[in-house]
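What follows is a short report on a single structure.
Note that this is a predicted model, so its numbers are computed, not measured. Quick note: numbers below take in every heavy atom, side chains included, and nothing from hydrogens, waters or symmetry partners.
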Amino acid sequence: MSLRESAADMRDELVRLRHALHREPEIGLHLPRTQEKVLAALSGLPLEIRLGERLSSITAVLRGARPGPTVLLRGDMDALPVSERSGEAITSQVDGRMHACGHDLHTAMLTGAAHLLSARRDELAGNVIFMFQPGEEGKGGAKIMIEEGVLDAAGERPIAAYALHVISAALPRRVFISKGGPMMAAADRFVVTVRGAGGHGSVPHRAKDPIPVACEMVTALQTMVTRGFDVFDPVVVTVGSFHAGTAENVIPEEARFEATIRSFSKASHARIQERAVTLVKGIAAAYGLDVEADYQVSYPVTVNDGAEAEFVGATVREVYGEQRFIRAPQPFTGSEDFSFVSDRVPSAFVALGACPPDIDPGKAAYNHAPEARFDDAVLPDGAALYAELAVRRLGVAAE
């Protein structure tokens, strides 16, 4: 029986696990109930399991019957601080928390892959690391797991690493998409506080008004992007928060704004950090105001190894057919802390269309939306692809 057929046979088990995770979502680095459910699902498998110390991670190692290299498969487990409005029967039972990004599907898929590969342990020439990761949503859980040794869990660094991510909208249902090179953006946070001197709104010349200065910074950041960076190596700056003042006739002492900054190459990622800080400091100085510019580097660019991306595409086409794989025309503008893995191991990050069949993908709610819905039918697809990539990559390496 093929891995795809075996995965289809375990569909009900994968759905039950996914639904249990969806009803009881947890956020951040500490997911005790999620960890408990996954450990129960892995019980009885021939795995070496280690739990995280600084987070509720699970690192499970499957050692093949024959010696060989190691591959890593990663699934993230955390939810979001979102109140669910999907209308589904499995709606979150925890107020203000929802698996709005599909990590419950990733966890169930990776658990399924552990079962599929454990059943074929005698055929494996090498090791598989299953990386069950909390804290992907802005907490850098992958980085912490690396610091706690996930990449060396089998005794040697993986020769390849793979991650899957479901998408609730835009992509055709049950179609995989990937590409070599930059796959997901770097994401940083820029917090700027402009400090002046308060006063009466009728005599602004007697004060140092931080509001117009902060506004000039916001527009100047946009101009800097269009005039300072190559359009074919893009940078995106979005100011999503701006706060100043308490009344219409009072000039406040300070104004504060926050921006998310996305970039798609290591060069632009490094350059925007320096340029953004220099720009706001220069504008503040020109008006005689003080400024605090706090540039927080979050996630680096997720870069797919070219050979591994081609390997993923070839595997999908062979297992599922030509129509089930699309080469992404450009990177996604979202970010991923799988980037910390791809910085150290040749990797491929793959997206999977998971829009339910009764919804037009072009009109569906996107990941992170309270209305986001995901199709359970993709669970066997993801589990089988995880397992196929491990089996074939170890097989290729063993030849």
Around [X], counting heavy atoms of other residues, nucleotides and ligands shown, do more than 12 lie under 6.0 Å from its [atom1]?
X: Gln323; atom1: CD; result: yes
X: Tyr287; atom1: OH; result: no
X: Lys37; atom1: NZ; result: yes

SB check Arg256 Glu258 (cutoff 4.0 Å): yes
NZ/NE/NH1/NH2 to OD/OE distance under 4.0 Å, Arg173 and Asp381: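 Judged by the 4.0 Å cut-off on N to carboxylate O distance, Arg173 and Asp381 do not form a salt bridge.
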Check: Phe264 main-chain N/O paired with Ser268 side-chain donor or acceptor under 3.5 Å: no
CA sep, side-chain torsions, deciding dist, call: Thr260, Arg262, side chain to side chain donor-acceptor pair (under 3.5 Å): CA-CA 7 Å; Thr260 183; Arg262 309 288 166 128; 3.1 Å; yes
Cluster link Val297 to Ile144, ILVMFWY, side chain under 4.5 Å: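 No, it is not one cluster - the side chains of Val297 and Ile144 are not joined through contacts under 4.5 Å.
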His165 side chain near Cys101 side chain, heavy-atom distance below 4.5 Å: yes
Ring center gap for His103 and His106 short of 6.0 angstrom: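 Here the rings of His106 and His103 have centres that are less than 6.0 Å from each other.
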Working for ring pair (Phe, Tyr, Trp, His ring centres under 6.0 Å), residues Phe190 and Tyr295: CA-CA 5 Å; Phe190 191 34; Tyr295 196 103; 5.5 Å; yes
Row check, Tyr320 ring normal vs Arg4 NZ/CZ: under 6.0 Å, within 45°: no
Euclidean distance, Tyr162 OH relative to Asn304 CG, rounded to 0.5 Å: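 The distance works out to 10.5 Å.
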